[in-house]
Every structure is written in C-alpha cells, then in structure tokens.
Number of protein chains: 2
Amino acid sequence: MIARLEDMSNKLKKNKVRLSHQRLKALEYLYKNHGHPTVDQIYNDLRREVPTLSKTTVYNALTALCKARLVRVITIEDNETRYELITKSHGHFKCQLCGAIYDFNINIDSFATEDLDNFKVTDKDVYFKGVCPRCLENKK
Amino acid sequence: MIARLEDMSNKLKKNKVRLSHQRLKALEYLYKNHGHPTVDQIYNDLRREVPTLSKTTVYNALTALCKARLVRVITIEDNETRYELITKSHGHFKCQLCGAIYDFNINIDSFATEDLDNFKVTDKDVYFKGVCPRCLENKK
DNA sequence: GTTCCTGCAAAAGCTTTGCAGAAGA
DNA sequence: TCTTCTGCAAAGCTTTTGCAGGAAC
C-alpha cells in the first residue's frame with residue numbers, strides 16, 4: 001500500500017491534483033474495499049472517520065481522482081454512478097436481484113472490431129447483467 | 001415496418017402492455033431514427049406531432065417498451081439515459097468530443113468468460129469511448 | 001365496464017455551482 | 001505566499017409519484 005501510494009502520488013502531481021486528506025481517505029476506501037461503491041456509500045462510510053466530510057467533497061475528490069486516472073466510473077445502471085480503482089481490465093456483472101456487482105476476467109482487446117479502425121479508443125467497458133449464483137440458489 | 005409492427009404488437013400483448021398512440025409514436029420514432037436518443041430528445045421531437053405529450057408519458061412509454069423487450073437502455077454515460085430498438089447484438093462507441101454514438105459489430109458471445117459459468121446472464125453491453133474519425137480529422 | 005394510460009403538478013434524488021474560510025505546495 | 005480544496009447552502013437536472021380524467025380492450 002505504501003509503495004502504491006507513492007505511485008499514486010506521482011500520478012496526482014502530474015495532473016496537478018493535490019492529495020488532500022479527504023482524497024487520500026477516498027483512495028484508501030476504494031483500495032480497502034475493492035468494490036464499486038456509489039457516491040452515497042463512500043460518503044456515509046467515510047463520514048465516520050471524517051465527520052466534517054461533505055458530499056460535495058466526495059464528488060470533488062472522485063472527479064479529481066478520475067482526472068488523474070487513478071479511479072474510473074462504472075455506469076452499469078442508469079440510476080447510479082459507481083467508482084473503482086483502475087486496475088487491470090475486467091468486465092462487470094450486476095445481479096438484477098440482489099444488486100451485487102462482480103468482476104470477471106475478460107480479454108477485451110481480443111474482440112475483433114474492424115469497424116473501429118479509424119477511431120481512437122481510450123475506454124472499454126463490458127457490462128453484463130442477470131442473476132448471480134447465490135440468488136439462483138435462493139430461488140430454488 | 002407494417003409486418004414489424006405486428007410482431008411488436010404480439011410482444012406487447014404477451015407482456016400486457018397496451019399499444020397506445022403515444023407508445024406507437026415512440027416506437028416509430030426509434031424505428032425511423034435508428035439512433036440512441038435521450039428522453040429529452042424523444043420528448044422534444046415527438047411534441048411536434050403529439051402536442052399534448054408530456055415527459056411523464058415518454059418515461060412511461062419507454063419503460064413499458066423495455067418491459068416488453070422491444071427497447072433497451074444504453075447507459076454509456078452516467079448523466080444520460082438513452083434508448084434504442086432491440087436488434088442484433090452490437091457494441092456502442094461514444095465520441096468524447098462531439099458526443100455522437102456509433103454502433104459497431106462485435107460478437108459478444110465469443111468472449112471467454114468461465115468466471116460466469118454459474119451465473120445466469122441476460123444482458124450484455126459493450127461500451128467503448130474515445131474520439132471518432134471526424135473529430136480526429138478536425139483536430140489536425 | 002374494467003383496466004390501464006396520459007398528463008399535470010409536485011416531490012424526490014442526484015449532481016453541480018458559488019463562495020468564504022481553510023489547507024496544501 | 002499563492003493556489004487549490006473544503007464544506008455549506010442553493011440551484012439545476014432528471015426521474016418518480018399521486019391522481020383525476022380519458023383511452024384501450
């Protein structure tokens with residue numbers, strides 16, 4: 001984590017993003033939980049550690065971290081913006097019953113897409129939806 | 001279009017969704033424009049033909065058509081819900097400069113995803129972002 | 001005749017903006 | 001010191017809800 005933080009710190013400097021206490025906490029939160037939290041989840045959880053935290057700051061922090069390419073937005077559902085640390089490329093699956101989001105390995109670059117030969121592609125997202133094993137089991 | 005409408009009509013009946021004038025117009029709109037309009041675009045364009053139309057009805061119509069699986073939601077960006085007619089599987093590319101959305105052919109089922117062997121997958125979305133050829137040209 | 005849909009107004013939710021004081025570099 | 005960030009309140013949007021009258025079946 002410490003070494004990682006130094007990498008992050010460099011990325012932030014390059015993008016002229018200051019590493020404030022709140023932003024560090026947000027990064028730490030994403031790092032520890034390894035999930036895909038919404039702004040509201042981050043806000044409510046971090047408020048325990050940072051009582052003065054405001055939602056505006058959560059928005060600001062996440063936008064700044066996205067700008068520095070440490071964090072990315074997940075838009076798997078239209079009524080919720082989620083964030084995750086940028087790690088290696090993977091797909092996202094959302095269970096329509098329990099709402100849980102799962103990561104799965106997928107080689108997105110293996111897709112044949114000659115249609116996009118003249119496009120500059122900077123982001124690739126794969127979103128699947130359905131029912132997760134746990135909910136399938138519960139329905140029986 | 002006529003034959004297609006009959007197919008659609010059957011799908012609607014199966015799902016107990018009434019084919020009101022407004023819903024028919026919304027379907028017709030998606031069919032004619034073959035795009036990925038937002039609620040606002042549909043509302044503003046259809047208002048010319050259906051002056052009494054309300055936005056609530058546009059929401060209602062699209063939700064109903066989604067339920068009958070004639071239409072699907074595109075959530076490529078977090079601040080806009082877009083809709084399209086369900087046709088054959090394809091990917092979506094959004095240009096970050098001009099905002100245009102392009103379809104591209106992609107065989108989503110060709111992905112190897114043993115991680116999801118125990119999942120029931122009902123929806124698959126592939127979203128790419130970047131810069132389209134036209135905008136790349138304009139930047140030169 | 002029933003049931004479901006429309007459209008208005010109001011409410012609810014999420015995100016952004018403006019700004020004074022505080023913190024980071 | 002200078003610049004940027006925080007946190008509050010307010011504003012701006014999008015989407016949902018409640019409901020009376022109307023349309024579909």
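All values below come from the heavy atoms of this structure, side chains included, with hydrogens, waters and symmetry mates left out. In this text the structure is predicted, and so the values were computed from the model without any measurement. Sequence lines set the chain letters: A, B, ... in the order given, protein chains first and strands last, and positions in each chain run from 1.
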Problem set entry | Modelled atom types, side-chain donor and acceptor of B:H90 and B:E84, under 3.5 Å | yes

Exercise. Side chains of B:D103 and B:H36: donor-acceptor distance under 3.5 Å anywhere?
Worked result: yes

Seminar exercise, completed: Of A:D40 and B:R23, the one whose nearest nucleotide on DNA chain C sits closer to the 5' end is B:R23

Seminar exercise, completed: Whichever of B:Q22 and A:N79 has the more 5' nearest nucleotide on DNA chain C, that residue is B:Q22

In whole angstroms, how far is the [atom2] atom of [N] from the [atom1] atom of [X]?
X     : N      : atom1 : atom2 : result
B:L24 : D:dA23 : CG    : C1'   : 14 Å
A:K25 : D:dC5  : NZ    : C1'   : 18 Å
A:E77 : D:dT15 : CD    : P     : 13 Å
B:K13 : C:dC4  : NZ    : P     : 17 Å
A:E80 : D:dT16 : CD    : P     : 13 Å
A:R82 : C:dC14 : CZ    : P     : 12 Å
B:Q41 : D:dT14 : CD    : C1'   : 14 Å
A:N44 : C:dC14 : CG    : C1'   : 14 Å

Considering only nitrogen or oxygen atoms on both sides, find all protein atoms under 3.5 Å from nucleotides 16-18 of chain C and state each distance.
none

Exercise. Is any side-chain N of the basic residue among B:D78 and A:R82 closer than 4.0 Å to the acidic one's carboxylate O?
Worked result: no

Exercise. Is B:R23 salt-bridged to B:E28, going by a charged N under 4.0 Å from an acidic O?
Worked result: no

Side-chain donor or acceptor of [X] paired with backbone N/O of [Y] under 3.5 Å:
X      : Y      : value
A:T122 : B:K129 : yes
A:T57  : A:L53  : no
A:N60  : A:T56  : no

Heteroatom pairs (N/O) under 3.5 angstrom, protein to nucleotides 21-25 of chain C:
from	atom 1	to	atom 2	distance (Å)
C:dG24	N2	A:R18	NH2	3.1
C:dG24	N3	A:R18	NH1	3.3

Is the distance from OP1 or OP2 of [N] to the nearest side-chain N or O of [X] less than 4.0 Å?
X     : N      : result
A:N60 : D:dC5  : no
B:T81 : D:dT14 : no
B:S54 : C:dC8  : no

For this session: Taking atom NZ of B:K55 as the centre, report whether more than 12 heavy atoms of other residues, nucleotides or ligands fall under 6.0 Å from it.
Result: yes

Exercise. Under 4.5 Å between any side-chain heavy atoms of B:N118 and A:L136, yes or no?
Worked result: no

